[in-house]
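One structure is given here, and the rest of the page talks about it.
Here is how names work: the chains are called A, B, and so on, in the same order as the sequence lines, proteins then strands, and each is numbered from 1. Since the model is a prediction, treat every value here as computed from it, not as a measurement.
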Amino acid sequence: MAPTPKKILVAPAWPYAAGHRHLGHVAGFGVPSDAFARYHRLKGNDVLMVSGTDEHGTPVMVAADGEGKSYAEVADYYNAAFREDFRRLGLSYDCFSRTTTLNHERVTQDFFKTLYAHGAIVEQTQMVSFSPTTGHTLPDRYIEGTCPICGYPEARGDQCDNCGNQLDPIDLVNPRSKIDGTTPEFRETKHLFLDLPKFADALRHWIQKHDDWRPNVRNFSLRLLDEIRSRPITRDLDWGIRIPVPGYAEDENKRIYVWFDAVIGYLSASIEWAAATGDPEAWRDWWQNDESLHSYFQGKDNVVFHTVIWPAMLLGYEQGGEYGAGKGPLQLPDNVFASEFLGLEGKQFSTSRQHSIYIRDFLDRYDPDPLRYYLIAAGPETQDTDFTWAEFVRRNNDEVLANWGNLVNRTLTSAHRNFGVVPEPGELTAEDGALLDGVAGGFETIGEHIENGRFRAALAEAMRLASTVNTYMSDQAPWALVKTDKDRAATVLFVALRAVDSLKTIFTPFLPHTSQVVHELLGHEGYLAGPLVFREVEEEDGRKHEILTGDYRSWVGSWEPSDLQPGQTLQEPRQLFKKLDDSVVEEELARMREAADAA
RNA sequence: GGCGGCGUAGCUCAGCUGGUUAGAGCGUCGGACUCAUAACCCGAAGGUCGGUGGUUCGAGCCCACCCGCCGCUACCA
């Protein structure tokens, strides 16, 4: 009997809607979270993978001003762009939404009101810088000036890159806005703060229990707690969610600070998903259920939000307000898989210097699976790594194509040409059994790797298993047996096809598009990893938006060894991966140079 | 400045709580095979594990110091 499906929340970071996403972004939160989600779906677990675009706050406003568009236009544009990028890459969100929906606003305001009612939000005055041009808050990172300590002329508002000292923007000599060069004004204003110190002990206790977290995440988080301070959760802006508290609600020019509403997105998108399924209470099975597993994926710069701030908010919400409805506390994160950073040709990705490769551009020229392969096999899982075109071409040609692609091709070609169907096997030899047992064992070892966030090791093990099948093929040489002992050839090809069928499943979390092709070539029907779709959602206020989703419950396939049956009709084989010519490297490097020169 | 990480074969990296001749993939060289996208298979060469000094019967793994590289430092994954 199958075990009860586990409720798994997969929570990839919310990308910020102020610029196109590049390879580094999806290497951090995208491909690993999708591999994790797809694996759990194959295991038969109930996965809910939710995210969306983070659309409020200053960076969107700055982008809008720069492009001469409204804030909403910029948000719309990038929301649509990200959805399309992620669809093409095959990131199987159950609901990829956005923060400018009515639903998100309601959930955020409920959260805010509830924390306020529980005494977790306090009012403080704060010295804040304003842009004289727009009248809005100017975040510290948009201010530069001369460092009062070392005299470095381009110190940032929060820190001097030259001497490394932490700074307060008001101390800068000749402060100026990085956006338009004007001199910021400093004014005392009242803001609401999240009382983080109130939660320090509870958080410390909770983090200490999690000795399964990656050490850098755990140590870094514990360190943060030692110096924890209240954080403002309101800003002087006119772009963002209204503050549902007396004295603030009426103020046109105060809104909820963007980071506060962004993390609530995990919850609001779950609620949105539930409503769309016709069972508005369904989200509670993930959020108000001790047995559920919540896994978050983000880059290392975002750790603080996922191990300290969001957990503090969840703790403060307690049994909740309107949405929590007294039905139990909200689940805290179980895993926080923080990635390190991906570099590009030896340097950091930089949008401003146009040292970047955007997802959309990449996918215009290359297939998604080789990219997914690269981002897992050479991704920044435990330390910074580098994307280079030479390495991409090599991994594509010499690893994924030569090993896995070629295995599929050689076994299917042989079987299709000589039998046309999955051949009827005779008695299996010890070698046959050993091969199938070895591949079958992969479901457990690779599954364990994936569950523990060791995607790199999981994929390496899958590749090793593919090698064992290649070796088996070479040893058994069915192409020769066909002429001398056709029955034995049938058995060998049967065994090889079963192994390929199993490997197809094992590779699905990483290479869903090509696994779907293998699935079809082997004569199976249905979607192993079907298309992702956009679906329109209309809210009560009449506004509409599109989400990225998919019909994952109809997907066939399960995380267990193949039971491929003799007699199943095979399709004419076709190649899974395109061989890339070495000239690609020089072309792409030239393209990057042009882009950088134009910037 | 604070904190953290990294430095192991040509390249990218594994090496868990210290224990026989330090591993993998790719690359290179040689061979075999010829079903397969000149792919696949076998074999070989190649490293004083950044440096110095300790602890230990024994250290790539622990400690100290040093050199080099990198990241985070609270709105760039």
Just say parallel, tilted or perpendicular for the rings of A:F29 and A:F86, cut-offs at 30° and 60°. perpendicular

Plane angle bin for A:F82 and A:Y78 - parallel if under 30°, tilted between 30 and 60°, otherwise perpendicular: tilted

With sequence neighbours excluded, residues passing ring pair (Phe, Tyr, Trp, His ring centres under 6.0 Å) with [X]:
| X | result |
| --- | --- |
| A:H294 | A:W287 |
| A:F36 | A:H40, A:F297, A:F337 |
| A:F362 | A:Y366, A:W389, A:F392 |
| A:F305 | A:W259 |

[atom1] atoms of [N] and [M], separation to the nearest Å:
| N | M | atom1 | answer |
| --- | --- | --- | --- |
| B:C33 | B:G43 | C1' | 14 Å |
| B:U28 | B:C11 | C1' | 12 Å |
| B:U21 | B:U37 | C1' | 40 Å |
| B:G58 | B:G19 | P | 14 Å |
| B:G18 | B:C63 | P | 11 Å |
| B:G10 | B:U20 | P | 24 Å |
| B:G15 | B:A39 | C1' | 31 Å |
| B:U55 | B:C62 | C1' | 8 Å |

Suppose we screen for side-chain hydrogen bond (donor to acceptor under 3.5 Å, both in side chains). Which residues come up paired with A:D301, at least two apart in sequence or across chains? none

Go through the structure and list residues passing side-chain hydrogen bond (donor to acceptor under 3.5 Å, both in side chains) with A:Q126, not counting sequence neighbours. A:R235

Just how far, in rounded Å, is [atom2] of [N] from [atom1] of [X]?
| X | N | atom1 | atom2 | answer |
| --- | --- | --- | --- | --- |
| A:E340 | B:G7 | CD | P | 13 Å |
| A:L222 | B:G4 | CG | P | 12 Å |
| A:E381 | B:C6 | CD | C1' | 16 Å |
| A:F349 | B:G71 | CZ | C1' | 16 Å |
| A:H25 | B:C76 | NE2 | P | 10 Å |
| A:D301 | B:G4 | CG | P | 19 Å |
| A:N302 | B:C72 | CG | C1' | 12 Å |
| A:R229 | B:U73 | CZ | C1' | 11 Å |

Summarise how protein sits on nucleotides 28-41 of chain B as a single string, 5' to 3': B when a protein heavy atom is under 4.0 Å from the base, S for sugar-phosphate-only contact, - for no contact. ------SBBB-SSS

Nucleotides 14-16 of chain B: which of its N/O atoms have a protein N/O under 3.5 Å away?
from: B:A14; atom 1: OP1; to: A:Q383; atom 2: NE2; distance (Å): 3.2

Considering every strand and a 4.0 Å limit on heavy-atom distances, what is the contact class for A:R464: base, sugar-phosphate, or nothing? nothing

Assign A:L342 to base, sugar-phosphate, or nothing according to its heavy-atom contacts below 4.0 angstrom with the strands shown. base

Evaluate A:D85 against A:R21 for salt bridge (charged side-chain N to carboxylate O under 4.0 Å, His left out), listing each step before the verdict. CA-CA 8 Å; A:D85 284 353; A:R21 294 299 99 176; over 6 Å; no

Using heavy atoms to find the nearest nucleotide of RNA chain B for A:D386 and A:R394 separately, return the residue whose nucleotide is more 5′. A:D386

Take A:H416 and A:S414 through the side chain to side chain donor-acceptor pair (under 3.5 Å) test and state the conclusion after the steps. CA-CA 6 Å; A:H416 182 262; A:S414 218; over 6 Å; no

A:K578: salt bridge (charged side-chain N to carboxylate O under 4.0 Å, His left out) partners, not counting sequence neighbours: A:D367

When you measure from every atom of RNA chain B, which of residues 14-24 of chain A have a heavy atom less than 4.0 Å away? A:R21, A:H22, A:G24

Sub-3.5 Å donor-acceptor pair from the side chain of A:S221 to the main-chain atoms of A:T307, do we have one? no

Salt bridge present between A:D501 and A:R498 (N-O < 4.0 angstrom): no

Note every stem involving RNA chain B: at least three consecutive Watson-Crick or G-U wobble pairs, i with j then i+1 with j-1, with both distances under 3.5 Å. B:1-7 with B:67-73, B:10-13 with B:23-26, B:28-31 with B:41-44, B:50-54 with B:62-66

Can you name the side chain to side chain contact (heavy atoms under 4.5 Å, CB included) partners of A:D581, sequence neighbours left out? A:S583

Nearest 0.5 Å please: distance from the CG atom of A:L375 over to the CZ atom of A:R395. 11.0 Å

